[in-house]
Peer 1: 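Provided herewith is a single structure, encoded as structure tokens, for subsequent inquiry.
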Amino acid sequence: MSVRVRLAPSPTGNLHIGNARTAIYNFLFAKKMQGSFIIRVEDTDLERSTKEFEQNQMEDLKWLGLQADESPANPGEFAPYRQSERLELYKDYAQKLLDEGKAFYDFCSDEELQIMSEKAKSEGTSPYTGKWKKAEHWDEAKSRVAAGEKAPIRFLVPDKAYSFKDYVRGEVKFPAGMVGDFVILRSNGMPTYNFCNVVDDALQKMTHIIRGEDHTNNTLRQLMIYEALDFDIPEFAHVSLLIGEDRQKLSKRHGVTSVRQYREDGYLPEALFNYLCLLGWSHPEEKDVFNWQDIANDFSLTRFSKSHAIYDVEKLKWINGQHIKNMEAEELLQKVRPFIKNEFFHSQTKEWQLSFVSLFQDKVQLLKEFESKINEYVLFESLNSSSELDEIMGWETTPQIQDHVKAELAKIDTDFIQAEDLDSWMNYCKKELKIKGKPLFMGFRGVLTGMNHGPDLKVLVPLTPVSLLKKRLGV
RNA sequence: GCUCCCAUCGUCUAGCCCGGUCCAGGACAUCGCCUUUUCACGGCGGUAACAGGGGUUCGAAUCCCCUUGGGAGUACCA
């Protein structure tokens, strides 16, 4: 039987990095096992779900490289892949449970429910103790429903202990009597998570459920449903959660938590993928910079960390920098272009752009940093006086360099100089003016850029328009 | 409260299942040095952890128990 795993996102917000991480694990496991990765949209919460969020999440998933084998946009054998389009199915199964005496209509009022729940908490009794769970009231309930009254359907929880084997936790046991009869079909006809999730996973033949640890307790309820409906129980892997620096659940105040934001901030999808993958899972050889193709074969459900991981952007940035550094200049340029607004940059030749991008390729961690480098190192027309510049200008050799550069610059009538031009100017200063070493190099840097640091002059200066060089030197 | 889960450097983690090879290894961050006549990249090195207490054992980060701390769930949300 081939492996089938799924991501079941709720379109109630943008794709969260925590969900992206479980998506990554599912995806990787599918690749490793040569199985299928499925996306099923769980939009049964009418209040909060929107098409726009669904669209956004699908785009972000795609951006991350998590191509689904089956999804709403690419339906397979078990369509539809959106729960709001599968409502009849849930009704049928709820009816089946009703018919078999495994579920019942509940007519308790909110007040009654409230009292029960408080009593349950203080006295440790079963959470639902309403009279409707008793078979003697079922006929009455059915006729009220037949007469048009609305009521939720609750699952009649068996009084027994459950347990399951989890890939990351080992054997997990739940004692009897800990959950009350929970709602499976709301009075508005919509199914609840624990119910439709099981129905779909079973009908869509999922073999492994890889999800967040926040679902471990739900597994108890789901196990009951699997059993009641006589479905095959899949294998489970409950992955630890991501938390913030203050060890609280990751939320907005911990900074950026949506994939979309990282995308807009100039992170590479493969870097986010790489980092998220490493939060809670480790490569057998402890590799830490990779693309999914590199490690899919090494992926397994047995190398998950059991404890929570604190999300730390510093390492993400470093990994992003590594991926930028390892990229072909051509490809990098394609990725960088959308992050640059500067018109000057876009009006340059491709050679110029390639040269510029390569010059900063190993100095940058985020795509958007390239933009600021243009103004910082290329597009300025006057040399700001600073202590660093003053020091260089104070050397007795510097004015000589300055005079020579001015004279040479005056002869140039092209838009840019060539690296060879700079070479010959330097050679002149070296041979004729006997300037060498630090005064030579730093002198040129100071005179041409006004700085005592920066990228390789022989690339930088040819990238700078001659008109600007002239203005800086007052030619 | 009740149920489930977790606990190695500041952070991500290896090691734990199958005790000795671990006075605990790697990575990020940090500090220092080298390299680059600058900056960055890179290289080398330093600081830095087995939550606490009991067992078991010749021997425990590894096995057992307790304590403490943390997380999750406890909805007609998912």
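Lettering of chains follows the sequences in order, A, B, ..., and the numbering in each one begins at 1. None of the values given here were measured: they were computed from a predicted structure.
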Peer 1: Tell me whether the rings of A:Tyr428 and A:His404 are parallel (<30°), tilted (30 to 60°) or perpendicular (>60°).
Peer 2: parallel
Peer 1: Please verify the inter-ring angle class for A:Phe155 with A:Phe182; under 30° counts as parallel, over 60° as perpendicular, anything in between as tilted.
Peer 2: tilted
Peer 1: With heavy atoms under 4.0 Å as the rule, sort A:Gly170 into base, sugar-phosphate or nothing.
Peer 2: nothing
Peer 1: With rounding to the closest Å, how many angstrom separate the C1' atoms on B:A48 and B:A24?
Peer 2: 13 Å
Peer 1: Any base atoms under 4.0 Å from A:His238, or only sugar-phosphate, or nothing? Heavy atoms, all strands.
Peer 2: nothing
Peer 1: Report all interatomic pairs (protein N or O, nucleotide N or O of nucleotides 32-37 of chain B) with separations under 3.5 Å.
Peer 2:
from, atom 1, to, atom 2, distance (Å)
B:U37, N3, A:Lys438, N, 3.2
B:U37, O4, A:Gly437, N, 2.3
B:U37, O4, A:Gly437, O, 3.4

Peer 1: Base, sugar-phosphate or nothing for A:Arg303? Non-hydrogen atoms, less than 4.0 Å.
Peer 2: sugar-phosphate
Peer 1: By the 4.0 Å heavy-atom rule, please label A:Asn218 as base, sugar-phosphate, or nothing.
Peer 2: base
Peer 1: So, A:Glu42 side chain and A:Ser10 main chain: donor-acceptor pair closer than 3.5 Å or not?
Peer 2: no
Peer 1: Does atom NZ (A:Lys119) have a neighbourhood of more than 12 heavy atoms from anything else shown, all under 6.0 Å?
Peer 2: no
Peer 1: Could you pick out which residue, A:Thr12 or A:Asp456, lies toward the 5' side of RNA chain B when each is mapped onto its nearest nucleotide?
Peer 2: A:Asp456
Peer 1: Could you give the side-chain donor-acceptor pairs of residues 441-449 of chain A under 3.5 Å, partners two or more places apart or in another chain?
Peer 2:
from, atom 1, to, atom 2, distance (Å)
A:Arg445, NH1, A:Pro455, O, 3.2
A:Arg445, NH2, A:Pro455, O, 3.1
A:Thr449, OG1, A:Arg445, O, 2.6
A:Thr449, OG1, A:Met451, N, 3.1

Peer 1: Please enumerate all protein N or O atoms sitting under 3.5 Å from an N or O of nucleotides 27-30 of chain B, with distances to 0.1 Å.
Peer 2:
from, atom 1, to, atom 2, distance (Å)
B:A27, O4', A:Asp288, OD2, 3.4
B:A27, O2', A:Asp288, OD2, 3.2
B:A27, O2', A:Lys315, NZ, 3.3
B:A27, N3, A:Lys315, NZ, 3.2

Peer 1: Which part of the nucleic acid, if any, lies within contact of A:Ser240, taking any heavy atom under 4.0 Å across all strands shown: a base, the sugar-phosphate backbone alone, or nothing?
Peer 2: nothing
Peer 1: So, using side chain to side chain donor-acceptor pair (under 3.5 Å) as the criterion, who are the partners of A:Asp265 when residues are at least two apart?
Peer 2: A:Gln261
Peer 1: Taking atom C1' in both B:A14 and B:U8, what distance in whole Å separates the two?
Peer 2: 10 Å
Peer 1: Rounded to whole Å, please give me the gap between CD in A:Gln222 and C1' in B:G73.
Peer 2: 12 Å
Peer 1: Indicate, with a heavy-atom threshold strictly under 4.0 Å, whether A:Ser187 touches base, sugar-phosphate, or nothing.
Peer 2: base
Peer 1: Is the A:His283 ring parallel, tilted or perpendicular to the A:Trp281 ring (thresholds 30°, 60°)?
Peer 2: perpendicular
Peer 1: Distance check needed: B:G1 P versus A:Glu118 CD, whole Å only.
Peer 2: 17 Å
Peer 1: For A:Tyr311 and B:G10, what is the distance between atoms OH and C1' respectively, to the nearest whole Å?
Peer 2: 18 Å
Peer 1: If the P atom of B:U47 is compared with that of B:G10, how far apart are they to the nearest Å?
Peer 2: 14 Å
Peer 1: Taking N or O atoms only and anything under 3.5 Å, show me the protein contacts with nucleotides 44-48 of chain B, one pair per line.
Peer 2:
none

Peer 1: Rounding to a whole Å, what distance do you find between A:Ile319:CD1 and B:U11:P?
Peer 2: 17 Å
Peer 1: Would you mind reading off the distance between A:Asp166 atom CG and B:C6 atom P, rounded to a whole angstrom?
Peer 2: 9 Å
Peer 1: Using modelled atom types only, decide if a donor and an acceptor are shared between the side chain of A:Asn326 and the backbone of A:Gln322 within a distance under 3.5 Å.
Peer 2: yes
Peer 1: Under 4.0 Å, counting only non-hydrogen atoms across every strand here, what does A:Glu286 touch: a base, just sugar-phosphate, or nothing?
Peer 2: base
Peer 1: Atom CZ of A:Arg169 and atom P of B:G73: how far apart are they, to the nearest Å?
Peer 2: 13 Å
Peer 1: For B:C76, take OP1 and OP2 only and decide whether either is under 4.0 Å from a side-chain N or O of A:Arg154.
Peer 2: yes
Peer 1: Decide yes or no for A:Cys277 and A:Ile295: does some side-chain heavy atom of the first lie under 4.5 Å from some side-chain heavy atom of the second?
Peer 2: yes
Peer 1: If we check salt bridge (Lys or Arg N to Asp or Glu O under 4.0 Å) with A:Asp200, which of these qualifies: A:Arg6, A:Arg82, A:Arg40?
Peer 2: A:Arg40
Peer 1: Any heavy-atom pair between the side chains of A:Phe380 and A:Asn375 that's under 4.5 Å?
Peer 2: no
Peer 1: Return the value, rounded to whole Å, for the distance between atom CG of A:Leu223 and atom C1' of B:C4.
Peer 2: 13 Å
Peer 1: Answer with yes or no whether A:Thr216 presents, from its side chain, a donor or acceptor under 3.5 Å of a partner atom in the base of B:C4.
Peer 2: no
Peer 1: How many whole angstroms separate atom CZ of A:Phe104 from atom C1' of B:C76?
Peer 2: 13 Å
Peer 1: Measure all distances between protein nitrogen or oxygen atoms and nitrogen or oxygen atoms of nucleotides 65-71 of chain B, and list the pairs falling under 3.5 Å.
Peer 2:
from, atom 1, to, atom 2, distance (Å)
B:G71, OP1, A:Arg247, O, 3.3
B:G71, OP1, A:Gln248, NE2, 2.4
B:G71, O2', A:His308, ND1, 3.2
B:G71, O2', A:His308, NE2, 3.0

Peer 1: Out of A:Thr50, A:Asp45, A:Leu46, which residue meets the side-chain contact (heavy atoms from CB on, under 4.5 Å) rule with A:Arg48?
Peer 2: A:Asp45
